[in-house]
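A, B, ... follow the sequence lines: proteins, then strands. Residue 1 opens every chain.
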Amino acid sequence: MKYRKLKGVQDILPPDISVWQFIEEKAGNIFRSYGYREIRLPIMESTDVFTRSIGETSDIVEKEMYTFQDKGNRSITLRPEGTAPFVRAYVENHLYNEPAPQKYYYMGPMFRYERPQANRYRQFYQIGAEAMGIDDPKLDAEIISMLSSILEAIGLKELNFEITSIGCKECRPDYIKALKDFLEDKLIDLCSDCGRRFKTNPLRVLDCKVPGCVKARKGSPPMVDYLCKDCGDHFEQLNNNLKKLNVQHTINPSLVRGLDYYTKTAFEVSSENLGSQSAVAAGGRYDGMVKEFGGPATPGIGFAIGMERIIPLINDSLKTTDGPELLICPLGEEAAEESLIIAEQLRAKGHWVEVNYDNTSIRSQLRKANRIGAKNVIVLGDDELENRKVALKNMTDKTEQIVALASDELLKILKTD
RNA sequence: GUGAGUGUAGCUCAGCUGGUUAGAGUGCCUGACUGUGGCUCAGGAUGUCGAGGGUUCGAACCCCUUCACUCACCCCA
């Protein structure tokens, strides 16, 4: 084989496409019922769109971005996530001038240079939503409820909704200090990764799976205890609203976000039925980001669903392999030409009609009809051409009906199927 | 970037402590059935044994290198 696909990308073939379309359709319908409108953005941006917002020292920026120089020596990056480009577009197109909340959704590929793994790819697809201009926790509750509706509509079960608040510019530093104070004298018990995390991103120590670290951080102060008045109230109201909306969730104070721009609400949905990469969707509030992008101070909240994370959870029965409504099997050259004409007439009426191009035995043509899942078949030979009548055979119940060899006669039969 | 596992037919995989001509199942094609499918039966096609090097009288099998895939760590949807 001369060429192979790049590491971490995948070819999505027709049997799987029906699953993708199912998800996209369900999600789109629910988005629109909540007033979210589709937005389509470029898959590449100026590199600094990401470095500033995601955080210079985050793993994504440090080692996972597909970045290259274009012919004009500009640094370009294939988007590793959807929110930063969205905020760029939001500001650039002055979308904040529309009445708040402004609500958008998108579906498309993201790119991260990571080692591929089960349910993790270098090119992966996200379905995302962003709601701008409102900082009321009712909106937080509503968007989480919408996410829940989408996942439910797709038929996912055994999901865990976890939420927390990671505070804001005011209260988070206090908490980080408190956490570091707590961990300081336990540093020897932590794994080497956590030793590093202690310096770069102490919050990360909270979700380390190494048993020694789990033990060492026992009794560590929870973030929610350190929230300022504003963040604390926000979080409390969010919880109340979620209860009223009947969204089952748990509070996980050690939930950590990988991106720097998040404030207050952070949430994640995971599945017990995936491998190690169990997060199917995640999101949070980003109240400072629009201003950082040069727009007016505007709160925002959003989430993204990982397509590749939900697809393995979907029932395989959605993988359909449809066949044509009619396969025309000609015997001989004259019949073959006549077949083309009939097929064209039926297609013009919107029917899926195939013509068999192999001039082989009727047996082998019917075998083929069976294999491609044709619903009906007509055999077109010398007799049929002469009498202008054909037997239209239903492949499922084996019945045959003699009809005139004319498109509208055939049409009548096809329609009743 | 780190660690482990796996590469044999289109697909799933056998192939003993190295032994001569590399197999099975499934799928594919054809026929039995002169113009009627699925079942059955018979026949047929398809492999640089991932690649390169080495050891050996002899390598799919042992050794080295390399590539690819998979899973996990890191991190994340």
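- B:rC69 and B:rG35 have their P atoms separated by 48 Å, with the value rounded to a whole Å.
- Residue pairs meeting the salt bridge (charged side-chain N to carboxylate O under 4.0 Å, His left out) criterion with at least one partner in residues 172-182 of chain A, sequence neighbours excluded, are A:K177-A:D181.
- In this structure, the side chain of A:E325 does not engage the main chain of A:N376 through any donor-acceptor pair within 3.5 Å.
- A:S46 places no side-chain N or O within donor-acceptor distance of the main-chain N or O of A:V49, the cut-off being under 3.5 Å.
- A gap of 11 Å separates the C1' atoms of B:rC28 and B:rC11, to the nearest Å.
- Here the options are A:D135, A:D136, A:D140, the test is salt bridge (Lys or Arg N to Asp or Glu O under 4.0 Å), and the partner is A:K138; only A:D136 passes.
- Taking only distance into account, the side chain of A:Q365 never meets the base of B:rG35 through a donor-acceptor pair shorter than 3.5 Å.
- Between the side chain of A:R79 and the backbone N or O of A:P109, at least one donor-acceptor pair lies under 3.5 Å.
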Side-chain donor-acceptor contacts of residues 286-295 of chain A below 3.5 Å, not counting sequence neighbours, with atom names and distances?
| from | atom 1 | to | atom 2 | distance (Å) |
| --- | --- | --- | --- | --- |
| A:Y286 | OH | A:E130 | OE1 | 2.4 |
| A:D287 | OD1 | A:R285 | NH1 | 2.9 |
| A:D287 | OD1 | A:G300 | N | 3.3 |

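- When the P atom is used for both B:rG15 and B:rA9, the distance is 15 Å, rounded to whole Å.
- At least one donor-acceptor pair under 3.5 Å links the side chain of A:T47 to the backbone N or O of A:S75.
- For B:rG1, the OP1/OP2 oxygens have no side-chain nitrogen or oxygen of A:K63 closer than 4.0 Å.
- If you take atom P in B:rC49 and the same atom in B:rU8, they sit 11 Å apart, rounded to whole Å.
- For the segment residues 263-284 of chain A, residues with any heavy atom less than 4.0 angstrom from an atom of RNA chain B are, sorted by number, A:G275, A:S276, A:Q277, A:A279, A:V280, A:A281, A:A282.
- Contact record, A:G128 with A:F31: O-CZ, 4.0 Å, taken as the closest heavy-atom pair.
- Atom CD in A:E308 sits about 13 Å away from atom P in B:rC71, given to the nearest Å.
- Pairs of Watson-Crick or G-U wobble type, with distances under 3.5 Å, assemble into runs of 3 or more in RNA chain B at these ranges: B:1-7 with B:67-73, B:10-13 with B:23-26, B:28-32 with B:40-44, B:50-54 with B:62-66.
- Looking at heavy-atom distances under 4.0 Å, A:K7 makes contact with sugar-phosphate atoms alone, never a base.
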(message) Test side-chain hydrogen bond (donor to acceptor under 3.5 Å, both in side chains) on A:Q123 and A:Y125; report intermediate values, then the result.
(response) CA-CA 7 Å; A:Q123 175 174 348; A:Y125 289 77; 2.9 Å; yes
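- Of all the residues in residues 114-127 of chain A, A:E114, A:R115, A:Q117, A:A118, A:N119, A:R120, A:Y121, A:F124, A:Q126 reach under 4.0 Å from RNA chain B with at least one non-hydrogen atom.
- Taking every heavy atom of residues 148-164 of chain A and every atom of RNA chain B, no pair lies under 4.0 Å.
- Checked against a 6.0 Å centroid threshold, the rings of A:Y106 and A:F86 do not count as neighbours.
- Counting any heavy atom pair closer than 4.0 Å across all strands shown, A:R112 reaches a base atom.
- Using atom P as the reference point in both B:rC63 and B:rU56, the two lie 16 Å apart (nearest Å).
- For the residue pair A:T77 and A:M65, the shortest heavy atom distance occurs at CG2-SD, 3.7 Å.
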